[in-house]
Amino acid sequence: MILLFSAVIITEIVYSLNDEDDEKVNEKIKFEKISVSEIEENYYLNTVNKTYPISSSAKQNAISSVVNVYDYNAELKEGNSKYTTKYQFLDSGKITLLPEVIKAFNEMTSDLYTATECEDILLAYGYFVPKSGTLECDYVQELGSSVYIKLSVNGSSMQLTSNKKVSDWLNKNCAKYGFINSDLDPNDSDENIPSTQFRYVGAAHATYIEKNDISFDQYLSEVKKHSSEDMLEIKGDDGNIYAVYFVEENSKIDVPSNYGYDVSSDNKGGYIVTVHLSEEKE
C-alpha cells in the first residue's frame with residue numbers, strides 16, 4: 001500500500017498539473033497560427049501498421065535525411081582525439097539513421113559504458129526498407145529513428161538480455177535520451193522478450209511512456225485528450241520541462257511563438273506539438 005501510494009504521488013508530481021499550474025503554463029505560452037506547409041515536421045510519433053502505412057512525405061524525409069552512422073562518427077572524431085563511441089557495428093558500411101538519433105544513441109551508449117564498462121554493444125540495424133512484398137505492412141524502421149541492439153561476445157551476436165546488467169540499465173535509462181524499448185509491451189507478462197529494438201521518440205514522450213508503463217499507442221491516445229488550452233506537462237528524464245498537446249489536421253495550426261517547439265504528425269490525421277519550456281525565445 002505504501003509503495004502504491006508513493007507511485008501515485010510521484011506520478012502526480014511529475015505529470016499532472018493542478019488548475020493553478022495549468023493557468024501558469026497557458027499564461028507563459030503565446031500562440032500563433034501557421035500554415036501546415038510551414039511546419040518543419042518530424043515523424044517520431046507516427047503510428048505505423050497495416051491500417052496506417054507510412055506517408056510518402058515521411059518516407060521521403062528518411063531517404064533524404066539518414067546518414068551513415070560510421071561516417072557520422074568519423075567526422076565527429078576529426079580534430080577531437082578524445083571523442084570515442086562505445087559500440088560496434090554489424091555492418092559499419094551500411095547502417096544509417098537520422099543524425100539526431102545517432103547523437104542520442106552515442107550519448108546513451110557512452111553513459112551505458114560509464115555505468116557498466118560494457119563495450120560489447122552491437123548496433124545491428126538502423127534505417128531499413130524491406131524488399132517489396134516481404135511484409136504485409138510498412139516497417140517502423142523506415143522512419144530512420146529506430147536502433148536494433150545486440151551484444152557482440154567473442155565474435156558471436158547475442159541477444160541483449162544475455163547481459164542483464166546492460167539490458168536493465170538501458171530499460172531504466174533509455175527515456176533520458178529519447179528512446180523507448182519498442183519490444184516491451186506492458187500488457188505482456190512474458191519477461192523473456194529480446195528487448196533489442198529501441199525507437200527514438202524524444203525525451204518528453206519516452207519519459208511519460210516509461211514512467212506510466214504504457215504502450216506507444218496508449219500514449220498517443222492520452223495526448224489526443226490534450227489541446228493547447230489543456231496541455232500535458234512532462235518533466236523529462238533529461239531534466240527539461242515540456243508541454244505537449246494535440247492539434248487536429250487543418251490548413252493552419254496553433255504553435256508557440258515564444259518557446260522552442262517541434263511538431264510530429266501522428267499519421268492518423270493530427271499533429272502532436274511538443275513545447276520546450278526550457279527554450280524561451282527573447
Pair Ser265-Glu41, side-chain donor/acceptor within less than 3.5 Å: yes

Residue pair Ser110 / Thr85, side-chain heavy-atom distance below 4.5 Å: no

Student check: side-chain heavy atoms of Tyr208 and Leu232 closer than 4.5 Å: yes

Contacts of Ser55 that satisfy side-chain hydrogen bond (donor to acceptor under 3.5 Å, both in side chains) - sequence neighbours left out: Ser57

Intermediate values then yes/no, side-chain contact (heavy atoms from CB on, under 4.5 Å), Asp238 and Tyr177: CA-CA 7 Å; Asp238 62 349; Tyr177 310 91; over 6 Å; no

Any residue meeting salt bridge (charged side-chain N to carboxylate O under 4.0 Å, His left out) with Lys252, in chain and number order, not counting sequence neighbours: none

Under the salt bridge (charged side-chain N to carboxylate O under 4.0 Å, His left out) test, residues paired with Asp254 that sit two or more places apart: Lys33

Main-chain N/O of Asp217 paired to Ser221 side chain as donor or acceptor, under 3.5 Å: yes

Residue pair Thr274 / His205: nearest heavy atoms and the distance that separates them: OG1-NE2, 2.9 Å

Under 3.5 Å donor-acceptor, Ser152 side chain and Asp120 backbone: no

Worked verdict on Val255 versus Val275 for side-chain contact (heavy atoms from CB on, under 4.5 Å): CA-CA 8 Å; Val255 296; Val275 185; over 6 Å; no

Side-chain H-bond candidate by donor/acceptor type, Tyr87 with Asn73, under 3.5 Å: yes

Tyr219-Asn212 side chain donor-acceptor pair, cut-off 3.5 Å: no

From CD (Glu210) to CG (Asn173), nearest 0.5 Å: 8.5 Å

Short side-chain donor-acceptor distance under 3.5 Å, Glu119 and Gln88: no

Rounded distance [0.5 Å steps], NZ in Lys268 versus CG in Asp266: 6.5 Å

Val101 to Val147 - nearest heavy-atom pair and separation: CG1-CG1, 4.4 Å

Side-chain touch Leu170/Leu160, heavy atoms, less than 4.5 angstrom: yes

Close side-chain approach of Ile253 to Ile39, heavy-atom, < 4.5 Å: yes

With sequence neighbours excluded, residues passing side-chain hydrogen bond (donor to acceptor under 3.5 Å, both in side chains) with Glu222: Lys225, His226

Over all atoms of both residues, closest heavy-atom pair of Gly144 and Val66: CA-CG1, 4.1 Å

Residues in side-chain hydrogen bond (donor to acceptor under 3.5 Å, both in side chains) contact with Tyr261, at least two apart in sequence or another chain: none

Residue pair Phe246 / Met231, side-chain heavy-atom distance below 4.5 Å: no

Those residues that, when tested against Glu100, pass salt bridge (charged side-chain N to carboxylate O under 4.0 Å, His left out) (two or more places apart): none

Within residues 44-85 or reaching into it, pairs that qualify as ring-ring contact (aromatic ring centres under 6.0 Å, His included) - sequence neighbours excluded: Tyr44-Tyr200, Tyr70-Phe89

Qualifying residues under side-chain hydrogen bond (donor to acceptor under 3.5 Å, both in side chains), relative to Glu249, sequence neighbours excluded: none

4.5 Å side-chain heavy-atom contact, Leu97 and Ser145: no

Check: Asn106 main-chain N/O paired with Thr109 side-chain donor or acceptor under 3.5 Å: yes

Heavy-atom closest pair, residues Ser162 and Leu151: OG-CD1, 3.4 Å

Ser146 OG to Tyr139 OH distance, which is reported to the nearest 0.5 Å: 9.0 Å

Asn68 side chain vs Gly93 backbone, donor-acceptor pair below 3.5 Å: yes

Exercise: identify the closest heavy-atom pair between Leu143 and Leu98: O-CD1, 3.7 Å

4.5 Å side-chain heavy-atom contact, Thr84 and Lys86: yes

Heavy atoms of other groups near Lys94 NZ, more than 12 under 6.0 Å: no

side-chain contact (heavy atoms from CB on, under 4.5 Å) between Lys150 and Met158, intermediate numbers included: CA-CA 6 Å; Lys150 290 189 175 184; Met158 306 286 289; over 6 Å; no

All side-chain contact (heavy atoms from CB on, under 4.5 Å) counterparts of Ser227, not counting sequence neighbours: Glu229, Asp230

Glu248 side chain near Tyr271 side chain, heavy-atom distance below 4.5 Å: no

Counterpart residues, ring-ring contact (aromatic ring centres under 6.0 Å, His included), relative to Phe216 (two or more places apart): none

Nearest-0.5 Å distance that lies between atom NZ in Lys59 and atom CD1 in Ile54: 6.0 Å

Donor-acceptor contact below 3.5 Å, side chain Thr207 vs main chain Asp237: yes

Results of ring-ring contact (aromatic ring centres under 6.0 Å, His included) for Tyr242 - residues two or more places apart only: His276

Exam field: side chain Asn240 to backbone Gly236, donor-acceptor pair closer than 3.5 Å: no

Gln197-Ser182 side chain donor-acceptor pair, cut-off 3.5 Å: yes

Derivation and outcome, side-chain contact (heavy atoms from CB on, under 4.5 Å), residues Asp262 and Val273: CA-CA 6 Å; Asp262 59 72; Val273 181; over 6 Å; no

Distance in Å, Met108 CE paired with Ile121 CD1, rounded so as to fall on 0.5 Å steps: 8.0 Å

Under the salt bridge (charged side-chain N to carboxylate O under 4.0 Å, His left out) test, residues paired with Lys103 that sit two or more places apart: Glu107

Shortest non-hydrogen contact from Val244 toward Val223: CG1-CG1, 3.9 Å

Atom NZ of Lys164 with >12 non-hydrogen neighbours under 6.0 angstrom: no

Hydrophobic cluster identity match, Phe198 and Tyr113, side-chain contacts under 4.5 Å: no

Exceeds 12 heavy-atom contacts within 6.0 angstrom, atom CD of Glu117: no

Spacing of CD belonging to Glu279 relative to CD1 belonging to Ile241, to within rounding of 0.5 Å: 12.5 Å

Neighbour count above 12 (heavy atom, 6.0 Å) for Tyr125 OH: no

Side-chain donor/acceptor of Thr47 to backbone N/O of Asn267, under 3.5 Å: no

